[in-house]
Number of protein chains: 2
Amino acid sequence: MDMFMNDPEEKRHFVDILMSFYNYQMDSAKDIAIMERDFFNMSEKSKQFLMASPMNISKMRSTLKQIAREWSTEGKEEREASFGPIKKMLQQYFPNPVKENGDRVKVLFPGCGLGRLVFDAASMGFYAQGNEFSYHMLITSGFILNEMEKANQFQLRPYILNFCNQYKEEDPFKVYNFPDVFPGDEIKPEWQNLSMVAGDFREVYSGQKGEWDCIVTCFFIDTANNIIEKGGVWINLGPLQYHYHQQPDQLSIELSYEEILLAAEKIGFSIENKYEVDSSYVGCQKNMNQLIYKCQGFAGVKKDDKFV
Amino acid sequence: MDMFMNDPEEKRHFVDILMSFYNYQMDSAKDIAIMERDFFNMSEKSKQFLMASPMNISKMRSTLKQIAREWSTEGKEEREASFGPIKKMLQQYFPNPVKENGDRVKVLFPGCGLGRLVFDAASMGFYAQGNEFSYHMLITSGFILNEMEKANQFQLRPYILNFCNQYKEEDPFKVYNFPDVFPGDEIKPEWQNLSMVAGDFREVYSGQKGEWDCIVTCFFIDTANNIIEKGGVWINLGPLQYHYHQQPDQLSIELSYEEILLAAEKIGFSIENKYEVDSSYVGCQKNMNQLIYKCQGFAGVKKDDKFV
């Protein structure tokens with residue numbers, strides 16, 4: 001080797017080769033930068049074939065966080081803060097998920113997101129049906145409920161793009177494993193007690209008066225209650241984070257919690273077992289920015305059908 | 001009166017007059033609606049003479065909340081969550097606000113908002129100077145510091161436009177009284193120890209190397225530290241809510257807290273007395289949506305001027 005190094009020309013050549021290894025990271029970063037430049041310089045018309053709308057891209061990012069909330073091992077604390085009290089309430093009002101006539105108690109979950117609470121209720125033995133309007137949620141819950149092979153099969157880093165309010169450099173890279181349970185271990189297809197229905201809640205269910213024993217609304221308060229008959233139970237938990245607040249082109253009637261309860265009583269519900277529970281929602285666990293919802297929980301028992 | 005009422009024509013006339021009183025609210029609301037319609041139908045060109053930019057209008061709303069935070073009787077709990085520990089730290093490092101040579105200890109507050117912490121430090125006897133870039137803040141702090149006549153002179157309802165996550169119908173209408181203290185009672189003009197300087201912190205102070213005994217950054221971490229000489233103290237409290245995060249046209253270097261501390265040590269600070277404190281920021285007290293910052297506090301004592 002020393003022999004070669006005595007030749008200045010040869011030495012330069014050899015060092016250059018060493019540097020080509022050493023500089024690979026910077027060189028490849030340059031390549032990526034050029035690709036990015038070319039991508040951004042594509043005509044708007046061409047880009048349309050590649051890009052989703054910013055709104056849908058943003059919802060896609062939320063969906064990744066929603067997976068962490070509902071189906072990851074690491075998201076258990078957050079989801080149980082709201083799913084826990086609801087499941088307790090379900091057991092309190094329906095100690096036996098099977099009725100005397102052999103039918104399962106029918107529980108409906110409008111706006112069920114990725115369906116974890118529906119799945120949990122089905123595991124408990126209820127006939128559980130989720131309803132969801134969002135394609136993002138439907139595609140993803142279908143994937144998780146039907147396509148998994150084992151627990152903790154996938155790894156997700158849903159907060160990798162947020163470098164604000166981080167304690168340590170590595171915190172944004174935190175891994176969330178999902179699914180925390182293999183769905184097939186908990187629910188057998190032959191039970192036929194878990195289903196998901198796509199569509200707008202009011203459109204799909206407005207004709208089903210009296211078909212449901214219980215309706216569970218979790219972070220989904222603005223719902224039509226007249227599908228529950230006398231004796232039926234409405235279990236609710238969530239804040240009042242009105243989605244259409246201050247959107248000029250949307251109607252948004254923003255009742256306070258007190259007014260919600262008054263309205264529920266006016267349409268025939270007797271409100272019982274009120275409680276408040278603190279919970280984040282798709283929150284990054286280890287972050288200096290912590291949004292906490294003071295979730296309001298209650299059960300409403302339908303006494304009669306006045307004003308419906 | 002009965003006589004008139006026997007005449008149906010007269011009765012109709014009389015009832016109509018009663019109704020004109022009764023319906024005044026609806027009638028005036030109609031008038032306002034018409035004015036609003038006309039306003040919104042003005043040409044864009046005409047509107048430009050009347051309207052501020054949406055960004056400045058939004059900042060104006062934040063300024064009202066900032067008044068509640070810094071200067072209202074009702075905002076005391078929130079502001080003391082961060083101002084309290086900082087004032088304690090000031091006393092710890094400078095037990096006597098007057099030096100042996102008779103000069104007051106000079107404390108600088110970059111990004112001081114509405115100047116309440118500057119005012120508190122001046123009340124404690126320090127030479128306190130606030131620095132602020134925002135016209136919204138400067139106009140408002142000037143108003144509060146110079147134009148008040150008595151404590152609790154004004155009433156403010158800064159959350160009146162938010163009907164989300166409210167417990168009771170009346171909660172958005174909660175009144176905040178300001179100022180909680182009459183500034184003239186706490187600080188005498190002849191002390192000449194309270195001042196406010198407008199402008200960008202780095203531009204205004206970059207030439208003042210060694211002029212300050214202490215620099216206090218509260219919810220303002222990204223600051224130039226080289227205006228403190230050996231022995232000087234940097235007191236910090238706040239999260240890392242980078243203002244320019246994900247704004248495509250702005251440079252935003254987003255260090256984690258661990259990296260901030262490393263960088264501070266690299267430019268010659270010895271980091272002491274680290275602590276964490278939970279605090280909201282211009283948060284509505286009674287609301288189901290509670291954003292809590294896990295604020296990081298520390299004191300940095302300048303050992304030497306390496307790497308500056």
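Order of the sequence lines fixes the chain letters, A, B, ..., with proteins taken first and strands second; residue numbering starts at 1 for each chain.
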*asked:* Just verifying a value: how many Å separate B:Glu254 CD and A:Asn165 CG, rounded to the nearest 0.5 Å?
replied: 9.5 Å
*What pairs with A:Ser270 under side chain to side chain contact (heavy atoms under 4.5 Å, CB included), at least two apart in sequence or on another chain?*
A:Glu272, A:Lys303
*In chain order, what residues pass the side chain to side chain contact (heavy atoms under 4.5 Å, CB included) check against B:Lys59, with sequence neighbours excluded?*
B:Met55, B:Asn56, B:His136
*Side-chain donor-acceptor pair under 3.5 Å between A:Asn236 and A:Thr217, yes or no?*
yes
*Measure distances from A:Asn287 to the heavy atoms of chain B and classify the residue's part below 4.5 Å as side chain, backbone, both or neither.*
backbone
*Among all residues two or more places apart in sequence or in another chain, which pass the ring pair (Phe, Tyr, Trp, His ring centres under 6.0 Å) test with A:Phe219?*
A:Tyr281, A:Tyr293
*asked:* Under a 3.5 Å cutoff, is there a donor and acceptor pairing between the side chains of B:Glu259 and B:Ser256?
replied: yes
*Name, in order of residue number, those residues of residues 74-85 of chain A that have a heavy atom at a distance of less than 4.5 Å from a heavy atom in chain B; otherwise write 'none'.*
none
*Is there a donor-acceptor contact under 3.5 Å from the side chain of B:Tyr159 to the main chain of B:Lys65?*
no
*When only pairs under 4.5 Å are counted, which of A:Gln166, A:Glu276, A:Glu170, A:Glu169 shares the most heavy-atom pairs with chain B?*
A:Glu169
